[in-house]
There are 2 protein chains.
Amino acid sequence: MKLSECTVAIIGMGLMGGSLGRALVSTRACKEVRGFTRSPENGESIVSLQAADRVFTDLPDILAGARLTVLATPVRTIEQQIATLYPFMDSGTVLTDMGSVKRNVVEAMRKLPPEIQPIAGHPMCGKETAGIQASDPELFRNKKWVVVPTEDTDPRAVRLLEELIETVGARVVVMDAETHDLAAACVSHLAYVLAASLVSSADLTARTVPQVWELASSGFRDTSRVAAGNIDMVMDILSANKDNVLAMIETATEQLGDFARLLTTGDEAGLREKLTHIRMTRRSCDTNKLF
Amino acid sequence: MKLSECTVAIIGMGLMGGSLGRALVSTRACKEVRGFTRSPENGESIVSLQAADRVFTDLPDILAGARLTVLATPVRTIEQQIATLYPFMDSGTVLTDMGSVKRNVVEAMRKLPPEIQPIAGHPMCGKETAGIQASDPELFRNKKWVVVPTEDTDPRAVRLLEELIETVGARVVVMDAETHDLAAACVSHLAYVLAASLVSSADLTARTVPQVWELASSGFRDTSRVAAGNIDMVMDILSANKDNVLAMIETATEQLGDFARLLTTGDEAGLREKLTHIRMTRRSCDTNKLF
């Protein structure tokens, strides 16, 4: 099963789906790239940005004849679509997704009949701007793309998805859903909650001290950047990964308490030791070219 | 009093002092730019990077004949230097600093004899890399530079500092020390503490789930960037601005508690409302070109 012989159907032509479509169309890696949207405006953007060879407005139509179907909708919609769309898929269809939480997706995939080949996926990239207008065929270049096969997934289906991932310039990382969701809660979902807490704290403080905004500079800009992200996506992520996110909020709250204690007691040696360890940890991310 | 007739002495040739020196030397805006360092290695860098016209290793020497003296050391060192160096300064010297906390600096400046003209300052820019090797003559371009005159500061001294600030491409923002420190605690020092808490939470989680680092991407990178900053500087900032920083940690902890409560109770409408307000606040920062 080669990608060049496959018709790829992308359901959800926003930032992620649109970027994937553009990357696949520009490399001519598939037989056909299909994009689904119900919005005429989005349909025009798909055509003008060359994010698909053909635009579909009917789900059964786009699924019929597709060898590889990619769900690129918000993560709770993905869950529903897996359960409702499979009857319209050809036998042998490889079904994947681009959602940010994986346990609920894998759970839904496990219930599929054996003629559908499911492999959950999550490209580790994003932007604080959503929608196909923000799409970029180079979005996945040198990024990690987590792949979560179920127990029954045919290795040939995994290889097909891997070929697609490598075609758009990303790197395959195989992981189980539980590990993915815990790790993502930490480096991605907690990062969002902390960024949102920073913006909210500044907003509250600015009600009495408007100069807060006068002093905002590059540090505030970067630390708070992800809080400008798409709300529909974030709502789905926080809800679908609630248990892990709550555990990470607790961990971060303990860290804040630790900083407060070190400052209150004037324990400069302890504070310096903690901050130095954190600094070395963060710098080793750069040294190891983690991002 | 014109900048072109002034000898400017910069005490502390790290990122900030070095960048200021390079900007002043390259624009030929002063009569002479003097740089102070005790490290021979740093001295060589000052020469090779043209961060000063002359390097001094003796404090009384550099201060004698300087019309404008800039303290660019960590903020608690600035406080000490104001108290100990003024006897070596010429009568009429305009004395400023580049420290990140202003109440302690203004407090020390208020005790100076009337022949010294003090004006506290704080350029709102930075990098996570420290030292003169990271200096950049364009560091201040289009950035805000807070100016805090004391009650007795001669308006001509304020104008001289403003001329220097505009020469290096920055924009003057006049503020009192209390307002500055509260606003900076919020947008700068809290941002640092939250970034450090994120790194620390990831580090703790990675001890049992090493895949945490596999998933770290641009969101984690940006949200945690400032945690790689210089520890000596940060230690001084957190200690000198302790009361405000503790109040901001409390505010942020309440925000985290609020997110946890909305998630635990499944209040999706409340969570969406809060996140939407935060998103709009953060986006208006970009719209208003705040950074």
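Per chain, numbering begins at 1; letters A, B, ... match sequence-line order.
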Next item on the list: Determine the minimum heavy-atom distance between A:Ile249 and B:Leu256, stating which atoms define it.
Entry: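 So the minimum-distance heavy-atom pair works out to CG2-O, 3.7 Å.
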Margin query: side chain to side chain donor-acceptor pair (under 3.5 Å) for B:Gln255 and A:Ser201? Distances and angles first, verdict last.
Written below: CA-CA 7 Å; B:Gln255 290 304 309; A:Ser201 299; 5.4 Å; no
Nearest-0.5 Å distance, [atom1] of residue [X] to [atom2] of residue [Y]:
X        : Y        : atom1 : atom2 : result
A:Leu290 : B:Phe220 : CG    : CZ    : 8.0 Å
B:Leu275 : A:Ile231 : CG    : CD1   : 5.0 Å
B:Leu194 : A:Leu194 : CG    : CG    : 5.5 Å

Is the shortest heavy-atom distance from the side chain of [X] to the side chain of [Y] under 4.5 Å?
X        : Y        : result
A:Arg282 : B:Arg225 : yes
B:Ser217 : A:Phe291 : no
A:Ser188 : B:Leu215 : no
A:Val212 : B:Leu182 : no
B:Met124 : A:Glu214 : no
A:His277 : B:Asp203 : yes
B:Thr223 : A:Asp222 : no

Check: Checking heavy atoms, do the side chain of B:Leu204, its backbone, both or neither come under 4.5 Å from chain A?
Finding: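 When you check distances to chain A, only side chain atoms of B:Leu204 fall under 4.5 Å.
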Check: Which answer fits B:Glu268, side chain, backbone, both or neither, if we ask what part of it has an atom under 4.5 Å from a heavy atom of chain A?
Finding: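 It is both, since atoms from each part get that close.
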Side chain, backbone, both or neither: which part of [X] has a non-hydrogen atom closer than 4.5 Å to chain B?
X        : value
A:Met175 : side chain
A:Val193 : both
A:Asn230 : backbone
A:His122 : neither

Notebook entry, point to check: Between A:Arg272 and B:Asp232, is there a side-chain N and carboxylate O pair less than 4.0 Å apart?
Noted result: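 Judged by the 4.0 Å cut-off on N to carboxylate O distance, A:Arg272 and B:Asp232 do form a salt bridge.
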Next item on the list: Answer yes or no: does atom CD of B:Glu273 have more than 12 heavy-atom neighbours from other residues, nucleotides or ligands under 6.0 Å?
Entry: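 Atom CD in B:Glu273 is not crowded, with 12 or fewer foreign heavy atoms closer than 6.0 Å.
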